[in-house]
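Any value given below was found using the heavy atoms of this structure, including those in side chains, with hydrogens, waters and symmetry copies removed.
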Amino acid sequence: MKIGVFDSGLGGLIIFKELIKKFPLHDFVYLGDVKRLPYGSRSDETIFEYTKQAVEYLFEKRNCKLIILACNTASARALRRIQQELLPIRYPDRRVLGVIIPTVEDIVVLSPSVVGVLATSATVRSGVYKTELNKLNKKIKVFEKSAPSLVTLIENDEINFIEPILKNYLSFFLNKKIDTLVLGCTHYPVLKKQIKKIIGNKIKIISQEEIIPRKLKDYLLRHQEIEKEITKNGDRQVLVTEITDAFGKLSKKWLKNNTILEKVVLE
């Protein structure tokens, strides 16, 4: 059985890349719903339905034991329903994990005072980062800003044109005295250099590809019944619902191999 990694597009590939470094023998399959991105502007019900279709596909067609939603929007708006409504009835022996709670746990350890969250519209609308951070530390102030244009620009490999738009989004935080900035979308780590240049070196940037592999290792150590069922042949598959030039180019660049993309249909 495999570990599945799901995102609405190519952003989750950044986490996928770090996961396969951390687990060189574990079998992984990545699924990017490129055809229907971005998820951030979708309704909650649509996000849930799309995520549910992806989870069902990875369980039933790709024999996944565990799935990581490497998508903040899906983690914020669909994960709880997946865990409460889908798994107990149809897949009681499978697991679906998100990226938000592990991220929040890491942030709290740093003892920040004021946290900024840059994310999609759906993630900001959910207020999940503020809610979860304040559950662990009520004193943390949280300011969230949606950045609806960034995912599309990244997916279209238009990063060279992104700086003025990024400056506009980040200007929201400049008078908030934040000491920590969460990149609350798995696409955003590709912009770390530009973000650091704009906000300066004093603000700690939280980037999820640095967190999730370590958290998964901890999870598997605590759940040996799952770890034992994961096959370890070093197998990797990259699936997409639409093959685009940008995805093909960036997947080869990030994964640094001759990645073969397989087109699949979700329904």
Side-chain angles (χ1 to χ4, degrees), residues 1-34 39 50-76 78-83 86-88 90-103 105-106 185-187 189 207-241 247 250-251 254-257 259-264 266:
M1 303 188 81
K2 299 177 181 179
I3 298 173
V5 180
F6 170 69
D7 185 31
S8 59
L10 60 78
L13 277 178
I14 303 168
I15 287 178
F16 183 71
K17 172 186 173 183
E18 297 305 318
L19 283 169
I20 60 181
K21 280 185 184 178
K22 190 78 169 177
F23 300 92
L25 297 180
H26 289 60
D27 292 348
F28 283 91
V29 54
Y30 181 87
L31 173 57
D33 191 8
V34 180
Y39 278 20
Y50 287 177
T51 306
K52 177 174 171 285
Q53 289 170 9
V55 166
E56 290 174 334
Y57 179 87
L58 288 170
F59 281 155
E60 296 176 11
K61 305 294 186 182
R62 300 292 168 160
N63 196 31
C64 288
K65 178 69 177 181
L66 167 70
I67 297 171
I68 298 170
L69 300 185
C71 173
N72 285 263
T73 299
S75 295
L79 176 60
R80 182 167 293 183
R81 284 185 65 186
I82 293 288
Q83 292 174 334
L86 183 67
L87 298 189
R90 296 188 56 193
Y91 310 102
D93 63 334
R94 313 285 179 103
R95 296 293 180 267
V96 180
L97 307 176
V99 292
I100 292 175
I101 297 302
T103 304
E105 291 171 348
D106 257 36
C185 173
T186 51
H187 286 74
S207 193
Q208 291 170 322
E209 85 283 2
E210 299 171 7
I211 297 171
I212 302 305
R214 171 169 41 84
K215 291 289 190 176
L216 178 60
K217 184 176 182 179
D218 292 343
Y219 180 87
L220 292 176
L221 284 172
R222 287 183 281 109
H223 296 274
Q224 286 294 311
E225 75 281 5
I226 295 175
E227 164 68 9
K228 289 175 182 177
E229 290 199 54
I230 305 299
T231 50
K232 299 171 179 67
N233 302 306
D235 185 39
R236 287 86 177 85
Q237 296 174 310
V238 179
L239 317 176
V240 287
T241 52
F247 194 102
L250 290 174
S251 64
W254 292 346
L255 299 178
K256 298 188 184 304
N257 59 25
T259 304
I260 298 175
L261 303 181
E262 181 181 345
K263 184 176 178 180
V264 299
L266 299 181

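Once rounded to the nearest 0.5 Å, the distance linking CD1 of I14 with CG of L250 reads 9.0 Å. For the atom pair OH of Y91 and CD of E56, the computed distance is 4.5 Å after rounding to the nearest 0.5 Å. Note: I3 CD1 to E229 CD = 12.0 Å, rounded to the nearest 0.5 Å. We find the OG1-CD1 distance between T51 and I67 to be 10.5 Å, quoted to the nearest 0.5 Å. Here the CG-CD1 distance, from D106 to I101, works out to 12.0 Å after rounding to the nearest 0.5 Å. Atom-to-atom distance recorded for I226:CD1 and L220:CG is 7.0 Å, nearest 0.5 angstrom.
Residues L58 and L31 are in side-chain contact: their nearest non-hydrogen atoms beyond the backbone lie under 4.5 Å apart. N72 is listed as a side-chain neighbour of I100, based on a closest heavy-atom distance under 4.5 Å. Taking 4.5 Å as the limit, some side-chain heavy atom of V264 sits within range of a side-chain heavy atom of Y57. When side chains are defined from C-beta on, T73 does not count as touching S8, because their heavy atoms never get closer than 4.5 Å. Side chains of F59 and L87 form a contact here, defined as non-hydrogen atoms less than 4.5 Å apart. By the 4.5 Å heavy-atom criterion applied to side chains, L19 and I68 are counted as neighbours. Here the side chains of L239 and K263 are not in contact, with every heavy-atom distance at 4.5 Å or above. Using a 4.5 Å heavy-atom threshold, the side chains of L13 and F247 count as touching.
Within the 3.5 Å criterion, the main-chain N or O of P189 finds no donor-acceptor partner in the side chain of S207. At least one donor-acceptor pair under 3.5 Å links the side chain of T241 to the backbone N or O of V34. Between the side chain of D27 and the main chain of K2, no donor-acceptor pair closer than 3.5 Å is present. Between the S75 side chain and the V99 main chain, a donor and an acceptor come within less than 3.5 Å of each other. At least one donor-acceptor pair closer than 3.5 Å links the side chain of K232 to the backbone N or O of I230. Proximity of a side-chain donor or acceptor of E227 to a complementary backbone N or O of H223 within less than 3.5 Å is not detected.
Under a 4.0 Å N-O distance rule, the pair E18/K22 does not qualify as a salt bridge. Taking a cutoff of 4.0 Å between a charged side-chain nitrogen and a carboxylate oxygen, K215 and E105 qualify as a salt bridge. Note on R90 versus E60: salt bridge recorded, some NZ/NE/NH1/NH2 to OD/OE distance being below 4.0 Å. Salt-bridge annotation for R62 and E262: present, with a side-chain N of the basic residue lying under 4.0 Å from a carboxylate O of the acidic one.
In the model, D33 has no side-chain atom that pairs as donor or acceptor with a side-chain atom of Q53 under 3.5 Å.
Between V29 and C64, the shortest heavy-atom distance links the atoms CG1-SG, 3.3 Å. Between R95 and Y219, the shortest heavy-atom contact is CG-OH, 3.5 Å. The two residues S251 and L261 come nearest to each other via the heavy atoms OG-CD2, 3.9 Å.
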| request: Decide side chain to side chain contact (heavy atoms under 4.5 Å, CB included) for V238 and L255; before the verdict, give the C-alpha distance in whole Å, the side-chain angles of both, and the deciding distance to 0.1 Å. | output: CA-CA 10 Å; V238 179; L255 299 178; 4.1 Å; yes
| task | Tell me, with the steps shown, if L66 and L97 meet side chain to side chain contact (heavy atoms under 4.5 Å, CB included). | result | CA-CA 8 Å; L66 167 70; L97 307 176; 3.7 Å; yes
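Below 30°, between 30° and 60°, or above 60°: for F28 and F16 the angle between ring planes is above 60°, a perpendicular geometry.
When T186, L216, I211 are each tested for a side chain to side chain contact (heavy atoms under 4.5 Å, CB included) with I15, only one passes: T186.
More than 12 heavy-atom neighbours from other residues, nucleotides or ligands sit within 6.0 angstrom of CZ on R214.
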